[in-house]
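Remarks on the structure that follows.
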Amino acid sequence: MRRALEPLGGEAASRYVRVCVGDDAAVAPAALLREVIFASGVERGPFAHLPGLPTTVEDIAGALMPVAVSGERMLSLLVSLCTEDRAYGEPFGPWTPDGARDVLGCVVEVLGVEARWWANVDYPGSAWESGEFSSGHMSNPVTGYTVDCAVVGVGRDLTLTVLAFAES
């Protein structure tokens with residue numbers, strides 16, 4: 001799974017999205033996300049100094065919500081996070097949507113049908129049905145960027161953490 005996601009590790013992609021793969025499914029989703037948010041040498045955003053942003057695992061747990069969707073539905077959001085600028089909806093990154101769908105589809109498959117998902121963004125049912133995630137949602141910010149979306153998946157002894165962010 002790590003090898004499949006290597007293109008997202010490049011400098012251009014890391015300006016917009018961070019991805020972390022883990023192998024301990026017993027770690028709490030908030031702890032997995034905190035590791036990505038506070039990774040060494042990584043900017044937290046221009047507004048990270050403002051009060052109210054989560055800093056502890058407990059704070060981050062409060063920002064995450066369980067997402068009861070299938071891996072197939074989650075795949076649409078993951079593709080969007082890895083190929084579209086969160087603030088403007090413009091294409092970005094090393095992948096096309098089709099290329100991202102192929103790679104991320106394999107990741108979702110490895111996580112398995114029993115995978116559980118969490119996010120800091122609450123999308124309406126219509127977004128999950130249409131695969132359109134640009135508006136109509138509620139968010140609990142976890143970074144100091146204007147826009148962010150975090151997704152944590154926990155499956156068969158594997159975890160996936162994706163944090164997409166943008167400045168408008």
Side-chain angles (χ1 to χ4, degrees), residues 1-11 13-83 86 93 100 103-123 127-128 133 137-167:
M1 193 154 73
R2 285 180 181 92
R3 180 165 288 161
L5 294 170
E6 277 180 7
L8 292 177
E11 186 178 316
S14 66
R15 289 191 313 234
Y16 305 102
V17 64
R18 299 178 195 140
V19 178
C20 184
V21 176
D23 56 9
D24 187 353
V27 176
L32 295 167
L33 179 55
R34 188 178 191 288
E35 192 174 302
V36 172
I37 294 170
F38 290 96
S40 177
V42 173
E43 292 287 325
R44 285 200 61 220
F47 304 108
H49 63 282
L50 296 177
L53 286 176
T55 57
T56 67
V57 170
E58 293 78 16
D59 293 342
I60 294 169
L64 290 175
M65 300 164 272
V67 181
V69 297
S70 67
E72 182 180 325
R73 294 280 168 111
M74 184 55 73
L75 179 58
S76 294
L77 176 58
L78 294 172
V79 168
S80 174
L81 294 178
C82 293
T83 62
R86 301 317 306 154
V103 172
L104 293 165
C106 291
V107 172
V108 168
E109 186 176 320
V110 169
L111 284 169
V113 296
E114 69 278 356
R116 294 164 292 142
W117 300 96
W118 290 263
N120 71 321
V121 178
D122 186 17
Y123 290 104
W128 294 108
F133 300 99
H137 59 273
M138 188 280 298
S139 175
N140 296 318
V142 294
T143 70
Y145 290 95
T146 305
V147 181
D148 65 36
C149 181
V151 173
V152 179
V154 176
R156 302 182 200 135
D157 301 321
L158 293 171
T159 64
L160 172 68
T161 307
V162 178
L163 175 61
F165 51 92
E167 194 55 45

Could you report the tightest heavy-atom contact between Ser139 and Pro141, atom names first, then the distance?
O-CD, 3.5 Å
Which pair of non-hydrogen atoms, one from Ala63 and one from Asn140, has the smallest distance, and what is that distance?
O-ND2, 3.0 Å
Output for pair (Leu78 CG, Leu104 CG), nearest 0.5 Å, gives 5.5 Å
What's the shortest heavy-atom distance between Gly155 and Ala25, and which atoms?
O-CB, 3.6 Å
Would Met74 and Val67 count as a side-chain contact (heavy atoms from CB on, under 4.5 Å) if you check the C-alpha gap in whole Å, the side-chain angles of each, and the deciding distance to 0.1 Å?
CA-CA 9 Å; Met74 184 55 73; Val67 181; 3.9 Å; yes
Nearest heavy-atom pair of Val142 and Ala150: which atoms, and what distance?
CG2-CB, 4.4 Å
Applied to residues 105-121, the side chain to side chain donor-acceptor pair (under 3.5 Å) test, sequence neighbours excluded, yields Glu114-Arg156, Asn120-Asp148
Using a 3.5 Å cut-off and no angle test, enumerate the donor-acceptor pairs between side-chain atoms of residues 46-55 and protein atoms at least two apart in sequence or in another chain.
{"from": "His49", "atom 1": "ND1", "to": "Pro46", "atom 2": "O", "distance (Å)": "3.4"}

Evaluate the side-chain proximity of Val36 to Leu32: yes if any heavy-atom separation is below 4.5 Å, no if none is.
no
What class does the angle between the rings of Trp128 and Phe133 fall in, given that below 30° is parallel, 30 to 60° is tilted and above 60° is perpendicular?
perpendicular
Could you measure the distance from the SG atom of Cys106 to the CG atom of Leu111? Nearest 0.5 Å is fine.
11.5 Å
So which atom in Arg18 and which in Glu43 form the shortest heavy-atom distance, rounded to 0.1 Å?
NH2-O, 2.7 Å
With a 4.5 Å limit on heavy-atom distance, are the side chains of Val19 and Val17 in contact?
yes
Value for CZ (Phe38) from OG1 (Thr56), rounded to nearest 0.5 Å, stands at 8.5 Å
Under a 3.5 Å distance rule, please check whether Thr143 uses its side chain to pair with a backbone N or O of Gly45 as donor and acceptor.
no
Using modelled atom types and a 3.5 Å cut-off, is there a donor and acceptor pairing between side-chain atoms of Glu167 and backbone atoms of Tyr145?
no
Given side-chain contact (heavy atoms from CB on, under 4.5 Å), test Val21 with Val107 step by step and report yes or no.
CA-CA 10 Å; Val21 176; Val107 172; over 6 Å; no
If you round to the nearest 0.5 Å, how far is CZ of Arg34 from OG1 of Thr161?
13.5 Å
Test side-chain contact (heavy atoms from CB on, under 4.5 Å) on Val151 and Leu77; report intermediate values, then the result.
CA-CA 9 Å; Val151 173; Leu77 176 58; 3.8 Å; yes
Please name all residues satisfying side chain to side chain donor-acceptor pair (under 3.5 Å) with Ser80, sequence neighbours left out, ordered by chain then number.
Glu84, Arg86
Distance in Å, Phe165 CZ paired with Leu81 CG, rounded so as to fall on 0.5 Å steps
11.5 Å
